[in-house]
**Q** 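Structure below; questions to follow.
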Amino acid sequence: MSLRRRALGAARAGGRTVDWLLERPLGVLGALVVAQIAATIALGLDVEHNGWVWFQGGDQIVNTTTGWLAGQRILPPTEVSYVWPLLQTPITWITGPTFLQAMPPIVVFQVLVLGPIALYCVYGIASYIGGRLLGYWAALLWVVAPFAAIPLFVDRYHEKWTEQFLPQGLGLTAMPDYPSMVLVLVAALLVVRSLADARVWDVALAGLVAGTAGALKPPNYLFVVGAVLAYLVARRLRGSAVFLVALAPSVAVVAFWKDRGLGYLPAVSLEETRLALGTGLPHLNRERYVQLDYQHWLDQMDALREFFWSARLAQWAPLAGLLAVVRVHRTPVAALLAGWLGAFIVVKGFSDRASIEGNTFWRLLMPAWPAYLLLVASIPLLLPRLAPSLGGRLRPPASSRISPRWVGGAIVVTLVVPALATAAASQIQPPSPPAIVQDLGSSTILTPVDPAIHLEVRAQGAANVLRWTVDGAWRADVFYRVYRKDGGGDDLLCATAANVAWDCYLKSQAIATTRERTYVDPSPPASATYRVGVGTNWADDPEQGDVFALSPAVPVAR
């Protein structure tokens, strides 16, 4: 048999195999989902972690604390947005007030539910560009790319990528970044589905989901740039209008949430702080506005060249993918991906908070990474004669119309329920608030006062002996930090912002860190007030990490 005949026979067999796979999307996607879950579990077990705690250097404590307080109809200063705390509220009813207690259900939900949803969305968008075959390819890249990138970084950067970013990128933290990325992906798929004929209910649901993503993390509103561009390029002016109208109520609910919890809208306020009593104490976090620092972006590209195998390839690959999407006549989708990725790069990538060396760059741009991957996955469509040879295999699969009931349900869940919960809640009130602000100098953390931590202090000679117990078990190894305020009076300083929101700051000093549940204060003052804080971190290092729970105060007079 000639070599030519063998090649033709192999090509026909390969074509039959491809067609067989194209007829079985559930089986292919199911296998990819299993591979994704298995790879995530393997990474989670392999990288350094402490029980259910992987590296998470963000606002996980304040988000869970806010959700726990909302479950008690208490509204703290609303420095974070409302979606992620309210999603955690039902979890805290069962687990308790701390992020560590909530970690198991949060991680399981993200890995087993949000992970497959994200994979399906990548498949769905890529299928619209180049049929199911490209959908399979993009979904495979989605599973493989986080791990395939590991050897592309220099050795000294491996810890930052594998142990500090990948757990966040794969849903192993209690931070809002991973669900944020998934919600943006869902909105993108809905936009793509609605481009062909601008089906009203599809567009409306896309706007509602995009609004929910923005209400989860306001920078996600940048996705609107890509969505509106897509509708304009597709000449769907009504679709663009419906999308924006459906998105607008989320902005109103975010404003209501901020105004009820802070007394003003940080996005439009000219003041950095508004505190009565003239204490000069800061809020939990200062609002950060848009910073378009082009030199900073160039510095990050220099860092990319230092740590990555080929910075040029990383920079030019999405542009090649953009040409490929346009080449197969999916220009509206190209506009969506370009606007989506470009808006995040300009606003977040140019910000001085995004640092490759400091390992914040990848997390801040997480909601845009699906757009980057979809563009890279489309590059094979640039190969000469490939698109014509695929023929009908490039056609996107048919999609059903969105039922109005889905839109109604989304309105209730994402807008009505949060608005009612916000309206029904009352602000934190001194003198014994259920959550306290730790002022750490460079940052502040809203921390729950957990009544399950029972502290007793007894005088024994010239010393004070502290003993404490905890109801239940933590989900990781923890350490305890002992705080003491010398003299009489409360150990809190409470101040109100805009005559609405109370912040109660812990004024005690940390005097010891221990892993035991006892501590002897050898030379206490005549009167003192004690608290015990519980802390943990991914490395199980008492010198790192934050205290995530505080005991009630126990005053002692000798």
**Q** Just checking Trp54 against His49, ring centres under 6.0 Å apart?
**A** yes
**Q** So do the side chains of Leu341 and Pro318 get within less than 4.5 Å of each other, counting heavy atoms only?
**A** yes
**Q** Look at the rings of Phe223 and Trp340 and say which category their plane angle falls in: under 30° parallel, 30 to 60° tilted, over 60° perpendicular.
**A** perpendicular
**Q** Roughly how far, to the nearest 0.5 Å, is the CE atom of Met103 from the CD1 atom of Ile91?
**A** 11.0 Å
**Q** Quick check: closest heavy atoms across Ser378 and Ala324, and the distance to 0.1 Å?
**A**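 Looks like O-CB, 3.1 Å.
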**Q** Looking at Trp474 versus Phe548, is the centre-to-centre ring distance below 6.0 Å?
**A**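 Yes, the ring centres sit under 6.0 Å apart.
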**Q** Could you pull out the closest heavy-atom pair between Leu323 and Leu382, with the gap in Å?
**A**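 For Leu323 and Leu382, the tightest heavy-atom pair comes out as C-CD2, 4.1 Å.
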**Q** Measure from the ring center of Trp93 to the ring center of Trp68 and say whether it is less than 6.0 Å.
**A**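 That pair fails the under 6.0 Å test.
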**Q** So, Ser127 and Tyr136: side-chain donor and acceptor under 3.5 Å apart, yes or no?
**A**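 Ser127 vs Tyr136: no donor-acceptor pair found between side chains.
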**Q** Under the salt bridge (charged side-chain N to carboxylate O under 4.0 Å, His left out) rule, what pairs show up with a residue in residues 115-129, not counting sequence neighbours?
**A**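 The answer is none; no pair qualifies.
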**Q** So for atom CD, which belongs to Glu357, do other residues, nucleotides or ligands contribute more than 12 heavy atoms lying within a distance under 6.0 Å?
**A**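 Not more than 12 within 6.0 Å, no.
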**Q** Kindly state whether the ring of Trp161 and the ring of Tyr157 have centres lying under 6.0 angstrom apart.
**A** no
**Q** What do the steps show when you test Ser194 against Tyr231 for side chain to side chain contact (heavy atoms under 4.5 Å, CB included), and what is the final call?
**A** CA-CA 9 Å; Ser194 68; Tyr231 287 121; 2.7 Å; yes
**Q** For the residue pair Leu172 and Val111, establish whether any side-chain heavy-atom pair is separated by less than 4.5 Å.
**A** yes
**Q** Do Trp369 and Leu365 have side chains that get closer than 4.5 Å, going by heavy atoms?
**A** yes
**Q** Just wondering, are more than 12 heavy atoms of other shown residues or ligands nearer than 6.0 Å to NE2 in His158?
**A** yes
**Q** Report, as yes or no, whether the 6.0 Å neighbourhood of atom CZ on Phe307 holds more than 12 heavy atoms from other residues, nucleotides or ligands.
**A**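 It does: Phe307 CZ has more than 12 such atoms within range.
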**Q** For the residue pair Phe308 and Phe153, does the interplanar ring angle fall in the parallel (under 30°), tilted (30 to 60°) or perpendicular (over 60°) class?
**A** perpendicular
**Q** Can you name the nearest heavy-atom pair linking Asp546 to Ile61, along with the distance?
**A**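 Looking at all heavy atoms of both residues, the shortest contact is CB-CD1, 3.8 Å.
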**Q** Can you see whether Thr536 engages Asp477 through a side-chain donor-acceptor pair at a distance of less than 3.5 angstrom?
**A** no
**Q** Would you mind reporting whether Phe55 and Thr162 have side-chain heavy atoms less than 4.5 Å apart?
**A**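 Contact flag for Thr162/Phe55 side chains = no.
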**Q** Looking at residues at least two apart in the chain, or sitting in another chain, which of them share a salt bridge (charged side-chain N to carboxylate O under 4.0 Å, His left out) with Lys217?
**A**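 Counting only residues at least two positions away or on another chain, Lys217 forms a salt bridge (charged side-chain N to carboxylate O under 4.0 Å, His left out) with Asp177.
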**Q** Please say whether the positively charged group of Arg330, taken as NZ for Lys or CZ for Arg, lies over the ring of Tyr128, i.e. under 6.0 angstrom from the six-membered ring centre and within 45 degrees of the axis.
**A**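 Yes, a cation-pi geometry.
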**Q** Sequence neighbours excluded, which residues qualify as salt bridge (charged side-chain N to carboxylate O under 4.0 Å, His left out) partners of Glu159?
**A** none
**Q** Measuring only between side-chain heavy atoms, which start at C-beta, is Gln56 closer than 4.5 Å to Phe99?
**A** yes
**Q** Heavy-atom distance under 4.5 Å between the side chains of Thr64 and Pro97, does that happen here?
**A**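 A side-chain contact under 4.5 Å is absent here.
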**Q** Does some side-chain heavy atom of Pro219 sit less than 4.5 Å from a side-chain heavy atom of Val347?
**A** no
**Q** Counting C-beta onward and ignoring hydrogens, is there a side-chain heavy-atom pair between Gln88 and Thr66 closer than 4.5 Å?
**A**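 No, side chains not in contact.
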